[in-house]
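These figures come from a predicted structure and were not determined experimentally. One is the number of the first residue; the rest follow in order along the sequence.
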Amino acid sequence: MRITNKMLSNNFLRDMKTNLNNLSTIQTQMATGKQIRKASDDPSKASKIMQIYSDIDANKQYNDNISNTTNWLDITDTALGDVGKVATRIQELLVSVGNAGYGDDQRTAVKDEINEKVSELSQILNTNYDGKYIFGGTRGTDKPTTADGTATTNTALSLTAVSGSDDETHSKDKLSVEISQGVTMDYNVTASEVIDYGTGKSITALLTNITKSLDSGKNATDTALAVTELTTTDLTGIQDFMTNVLKLRSQVGAKQNRMESALARNVDQNTNMTEVLSTTEDIDITEKSMEYATMQTVYTASLQTSAKVLQPSLLDYL
């Protein structure tokens, strides 16, 4: 087969185009610092890179979840600490009632202060964070408690957890958060968990009983029985309530520790994924610089070679 100048020219142009494309690819890689610019450059590697980016974004969201939940738990712990302080003061008041020198005026003063403590307790249980009541469960926009602690003689103290229907009461309690892929945990404490400190035991009923006992002053016998009730059964009840608050704080503390551990793991995982992404996506500058210099040499050599091989003929001037 006769090899014509036209065939040599076409082959040369095709090879030159290939060299130019290769040179352009390396120039783009060096300019962007990335191995591929679009998915069609390397579909398999592009798919892997996009998956890594997706995993990193998801991990960042998990870290945001953990940070927000940690703040929630910190506020919950502080609130429970305040509840404990209120309970401690009520305990001190009940112990003081046992003083033989206390009369009706002193017991009335105790009742008035306990009234104020009930209102304070309700205020604590209605603590709000980021637009939600921290003790409100899944119905976080609804105030979880109401309190009636007026100091009239026969008014019973009340601290009531607000809830909807029975079905809602059983379904509204726990909030959960995803802290890593497929791992969720509940993180809130509800008002009912604080108020109901044991089977059949409620701080509402206890405070109501305390109020009635403080109002029992018609005669010496009633007063003695009331004081005995206040300094034994009622005092034990408030101590049990305090024990429950400590248990809840312990659970919150355990969840805070778990959040710290989860955050540390996620940070490490994010660092590892970023390194994998860099290895997969980023170029080796030294290697690409050498490739670029080589491709420039090849391109220049091909131009020089073609100038010598494809000599002009008389037809080029006709």
Side-chain angles (χ1 to χ4, degrees), residues 73 75-99 102 106-107 109-127 133-137 144-149 151 155-163 169-170 172-174 186-216 222-256:
L73 290 170
I75 293 173
T76 301
D77 182 64
T78 300
L80 289 174
D82 292 339
V83 170
K85 292 177 183 177
V86 170
T88 298
R89 180 54 184 162
I90 293 175
Q91 176 185 241
E92 293 172 351
L93 292 171
L94 293 180
V95 171
S96 69
V97 170
N99 190 325
Y102 265 37
Q106 285 80 13
R107 284 189 290 273
V110 168
K111 178 191 170 184
D112 291 344
E113 185 172 351
I114 289 179
N115 270 320
E116 294 302 322
K117 291 301 176 184
V118 171
S119 297
E120 183 180 348
L121 185 57
S122 178
Q123 183 179 0
I124 294 169
L125 293 178
N126 289 334
T127 298
Y133 293 101
I134 63 172
F135 293 105
T145 66
T146 59
D148 180 10
T155 300
L157 297 172
S158 66
L159 180 67
T160 306
V162 177
S163 62
T169 300
H170 287 89
K172 75 178 186 66
D173 288 342
K174 290 300 180 181
D186 64 83
Y187 60 90
N188 69 308
V189 175
T190 64
S192 60
E193 287 180 293
V194 179
I195 293 172
D196 300 325
Y197 59 92
T199 304
K201 297 179 181 180
S202 167
I203 191 64
T204 301
L206 177 61
L207 292 172
T208 300
N209 190 64
I210 290 173
T211 302
K212 290 179 180 179
S213 296
L214 289 170
D215 283 337
S216 298
D222 290 341
T223 299
L225 291 174
V227 169
T228 300
E229 178 78 9
L230 288 166
T231 56
T232 55
T233 304
D234 293 339
L235 182 59
T236 299
I238 201 67
Q239 290 171 342
D240 290 342
F241 174 74
M242 293 169 64
T243 299
N244 181 61
V245 172
L246 288 174
K247 182 189 75 174
L248 294 174
R249 288 194 73 181
S250 176
Q251 293 173 353
V252 169
K255 291 174 182 178
Q256 287 174 309

CD1 of Ile90 to CG of Leu206, rounded to nearest 0.5 Å, is 8.0 Å
Looking only at heavy atoms, what is the nearest atom pair of Tyr102 and Val97, with distance? CD2-CA, 4.0 Å
Nearest heavy atoms of Ala226 and Ser213, plus distance in Å: CB-O, 3.2 Å
Taking C-beta and beyond as the side chain, do Leu207 and Ile210 meet within less than 4.5 Å on heavy atoms? yes
Please check this pair: side chain of Thr88 against backbone of Gly84, looking for a donor-acceptor N/O pair closer than 3.5 Å. yes
So, does Ser250 use its side chain to make a donor-acceptor pair with the main chain of Leu246 at under 3.5 Å? no
Is there a side-chain contact between Ile203 and Ile238 (heavy atoms, below 4.5 Å)? yes
What distance separates Leu80 CG from Ile124 CD1, expressed to the nearest 0.5 Å? 9.5 Å
If every non-hydrogen atom of Gly137 is compared with every non-hydrogen atom of Thr190, which pair is closest and at what distance? CA-CG2, 4.3 Å
Rounded distance [0.5 Å steps], CG in Asn99 versus CD in Gln106: 8.5 Å
Should we count CD of Gln123 as having more than 12 external heavy atoms under 6.0 Å? no
Can you find a pair of side-chain heavy atoms, one from Thr127 and one from Thr78, that are under 4.5 Å apart? no
For the student: nearest non-hydrogen atoms of Val194 and Phe135, plus distance: CG2-CE2, 4.2 Å
So OG1 of Thr233 and CG of Leu94: to nearest 0.5 Å the spacing works out to 11.0 Å
Rounded at 0.5 Å granularity, tell me how far CD in Gln91 sits from OG in Ser96. 11.0 Å
One should read off an interatomic distance between Ile134 CD1 and Leu73 CG, to the nearest 0.5 angstrom, of 9.5 Å
Derivation and outcome, side-chain contact (heavy atoms from CB on, under 4.5 Å), residues Phe241 and Ile195: CA-CA 8 Å; Phe241 174 74; Ile195 293 172; 6.0 Å; no
How about Val110 and Glu113: do any of their side-chain heavy atoms sit closer than 4.5 Å? no
Just to verify, which of Leu125, Asp77, Val245, Leu248 counts as forming a side chain to side chain contact (heavy atoms under 4.5 Å, CB included) with Val189? Leu248
To check you understand the geometry: which heavy-atom pair defines the closest contact between Asp240 and Lys201, and what is its length? OD2-NZ, 3.6 Å
Between Glu193 and Lys174, does any side-chain N to carboxylate O distance fall below 4.0 Å? yes
Regarding Lys212 and Glu229, does a basic nitrogen lie under 4.0 Å from an acidic carboxylate oxygen? no
When you look at Val95 and Leu235, which way does the side-chain contact (heavy atoms from CB on, under 4.5 Å) test go after all the steps? CA-CA 7 Å; Val95 171; Leu235 182 59; 4.0 Å; yes
